[in-house]
**Student:** 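My questions will all concern the structure given below.
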Amino acid sequence: MELEQLRCFVAVAEELHFGKAAQRAGMLPASLGRHVRLLEESLGTRLLSRTTRSVELTDDGVILLKEVKPLLGRLEAVAERFRTSRHLPTHVLRIGAIDSAAAGLVPQLLQDFRERSPETLTQLVEDKSIRLIPKLLAGRLDLILIRPRDKLNRNLAMKKLFTETVVVAVPAQSPMAEQNEISIHDLADEPLIVPERRSRPHSHDLTFGLFADVGLRPRIAQVADEKQTIINLVAAGIGSALVPRWTSKLVLEGVKYIPLRVTQKGKPDKLPLAVAWVKAVRDPRRDQMLAVLEDNLERYASNA
């Protein structure tokens with residue numbers, strides 16, 4: 001049971017809405033939901049009863065909320081006293097990451113980084129590539145994990161890392177949920193949920209590109225922006241979706257993740273991941289993080 005998990009739970013418990021709670025906490029709904037699920041797993045009980053339309057506290061959720069709110073208030077008061085005292089500043093490395101990297105790569109990366117630099121604190125901001133790049137340029141982040149762009153700002157350095165494996169998120173009640181693999185041809189008549197292209201161009205083009213490779217066009221049932229929304233729509237039976245394999249960490253009742261069978265050899269170069277940073281800024285902690293990333297890249301790629 002971690003402090004951030006408790007803060008996320010309290011936000012949802014008070015708002016009874018994941019979107020509003022995420023906005024209040026300054027994170028994406030997917031990240032907030034992941035913290036709440038980890039808290040439930042650590043306590044071995046359901047704290048929230050959620051459907052695609054509503055969120056309610058369970059009996060255990062009501063008890064926990066009553067217990068932790070005073071504790072969080074006292075902890076925040078202690079933290080504020082320390083922030084206003086004359087302590088030396090703590091080294092903080094600020095990392096931005098797209099949702100799939102935040103779910104899959106970042107936990108591995110931070111674990112390895114802490115072994116090398118235990119004195120450095122890290123802060124994670126989860127957002128889309130188009131929003132992370134301006135934050136990096138403005139000095140609000142030290143490095144970002146994004147989908148690579150052809151025309152990146154000349155003040156930024158970028159290194160491509162690897163590509164993420166594609167899986168198919170299908171409704172659990174769908175006949176396809178019983179298959180070991182799914183091909184694009186299997187999806188020819190399946191309603192699909194695709195991301196909006198302006199905010200997620202790589203994921204959007206992934207769907208259309210894979211269909212075009214076999215001479216088909218996807219049957220679009222819904223366009224959605226957030227990855228968590230897409231998975232919720234799959235759970236509701238609206239359709240299926242092509243997503244990065246790390247998205248399968250967003251466990252939701254009513255959704256199954258099935259490997260995508262690709263005809264060409266190797267993984268399709270459709271969902272590349274890259275790291276970017278500001279060229280002119282000297283930061284030994286950032287460079288240390290980049291070195292950890294480079295040293296363990298093969299292992300990270302094998303899990304993508």
Side-chain angles (χ1 to χ4, degrees), residues 8 12 15-23 25 27-41 46-55 97-107 126-129 147 164-179 181-182 186-187 190-197 199-208 210 218-260 270-271 273 303-304:
C8 290
V12 178
E15 299 290 345
L16 293 180
H17 190 285
F18 274 86
K20 293 178 181 178
Q23 187 175 18
M27 62 176 64
L28 291 178
S31 180
L32 181 135
R34 187 159 56 247
H35 281 301
V36 173
R37 282 191 296 275
L38 289 172
L39 177 61
E40 289 179 322
E41 290 174 6
R46 276 287 184 91
L47 303 172
L48 298 166
S49 175
R50 7 166 155 39
T51 68
T52 55
R53 293 184 176 86
S54 66
V55 178
I98 59 173
D99 48 15
S100 62
L105 173 59
V106 170
E126 187 177 337
D127 214 329
K128 301 181 183 67
S129 297
R147 301 292 180 212
E164 295 184 60
T165 302
V166 179
V167 298
V168 187
V170 301
Q173 69 272 22
S174 167
M176 287 192 299
E178 304 302 320
Q179 298 179 207
E181 285 186 326
I182 294 175
D186 294 331
L187 298 171
E190 177 74 6
L192 293 177
I193 304 159
V194 299
E196 198 273 324
R197 191 180 192 283
S199 60
R200 296 180 183 270
H202 282 90
S203 295
H204 177 278
D205 292 349
L206 163 74
T207 299
F208 284 85
L210 289 175
R219 178 187 166 197
I220 307 302
Q222 182 72 45
V223 176
D225 195 19
E226 300 292 347
K227 193 66 61 63
Q228 183 69 57
T229 302
I230 291 174
I231 299 305
N232 281 333
L233 290 171
V234 173
I238 304 300
S240 299
L242 295 169
V243 297
R245 185 169 67 182
W246 276 331
T247 304
S248 63
K249 293 182 179 293
L250 302 177
V251 179
L252 184 66
E253 187 176 354
V255 179
K256 287 196 67 175
Y257 297 93
I258 311 296
L260 176 67
K270 299 289 186 179
L271 285 178
L273 187 66
N303 295 324

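Quick note: residue numbers are just sequence positions, from 1.
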**Student:** Once rounded to the nearest 0.5 Å, what's the spacing between atom CZ of F18 and atom CD of Q228?
**Tutor:**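 Here the rounded value is 8.0 Å.
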**Student:** In Å, rounded to the nearest 0.5 Å, how long is the span from CD1 of I258 to OG of S174?
**Tutor:**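 Here the interatomic distance stands at 9.0 Å.
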**Student:** Drop me the distance from I230's CD1 to E196's CD, to the nearest 0.5 angstrom.
**Tutor:**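 Here the rounded value is 10.5 Å.
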**Student:** Please step through side chain to side chain contact (heavy atoms under 4.5 Å, CB included) for the pair D186 and Q179, ending with a clear verdict.
**Tutor:** CA-CA 10 Å; D186 294 331; Q179 298 179 207; 3.5 Å; yes
**Student:** Strictly distance-based, threshold 3.5 Å: is any side-chain N or O of S129 a donor or acceptor partner for the main-chain N or O of R147?
**Tutor:**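 Yes, S129 side chain to R147 backbone: donor-acceptor pair under 3.5 Å.
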**Student:** Return the minimal non-hydrogen interatomic distance between L192 and A241, and the atom names on each side.
**Tutor:**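 Between these two residues, the closest heavy atoms are CD2-N, 4.4 Å.
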**Student:** Go through the steps for R46 and E40 under the test side chain to side chain contact (heavy atoms under 4.5 Å, CB included), then give the verdict.
**Tutor:** CA-CA 6 Å; R46 276 287 184 91; E40 289 179 322; 3.9 Å; yes
**Student:** Of all heavy-atom pairs between V55 and V12, which one has the smallest distance, and what is that distance?
**Tutor:**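 The pair with the smallest heavy-atom distance is CG1-CG1, 4.0 Å.
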**Student:** Check whether any side-chain heavy atom of E41 lies under 4.5 Å from a side-chain heavy atom of L38, and answer yes or no.
**Tutor:**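 Yes, their side chains come closer than 4.5 Å.
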**Student:** Please check: side-chain N/O of K256 versus main-chain N/O of A177, any donor-acceptor pairing under 3.5 Å?
**Tutor:**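 Looks like yes, one N/O pair under 3.5 Å.
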**Student:** Between the side chain of Q222 and the main-chain N/O of I193, is any donor-acceptor distance below 3.5 Å?
**Tutor:**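 Not at all, since once roles are kept as given, no pair shorter than 3.5 Å links the two residues.
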**Student:** Return the minimal non-hydrogen interatomic distance between E190 and P171, and the atom names on each side.
**Tutor:**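 Closest approach of E190 to P171, heavy atoms only: OE2-CD, 4.5 Å.
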**Student:** Check P195 against H204 and note the closest heavy-atom contact, atom names and distance.
**Tutor:**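 It is O-CD2, 3.2 Å.
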**Student:** Of all the heavy-atom pairs spanning V170 and V234, show the shortest one and how long it is.
**Tutor:**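 Minimum heavy-atom separation between V170 and V234: C-CG1, 3.4 Å.
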**Student:** Start with the C-alpha distance between W246 and I98, add both sets of side-chain angles, then the distance that settles side chain to side chain contact (heavy atoms under 4.5 Å, CB included), and finish with yes or no.
**Tutor:** CA-CA 11 Å; W246 276 331; I98 59 173; over 6 Å; no
**Student:** Taking it one step at a time, do L187 and L242 satisfy side chain to side chain contact (heavy atoms under 4.5 Å, CB included)?
**Tutor:** CA-CA 10 Å; L187 298 171; L242 295 169; 4.1 Å; yes
**Student:** If you take all heavy atoms of A169 and V255, which pair is closest and at what distance?
**Tutor:**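 So the two residues come closest at CB-CG1, 4.1 Å.
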**Student:** With a 4.0 Å cut-off, would you call E126 and R34 a salt bridge?
**Tutor:**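 Answer for the salt bridge query: yes.
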**Student:** Taking atom CG of L47 and atom CZ of R37, what is their separation to the nearest 0.5 Å?
**Tutor:**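 Here the rounded value is 12.5 Å.
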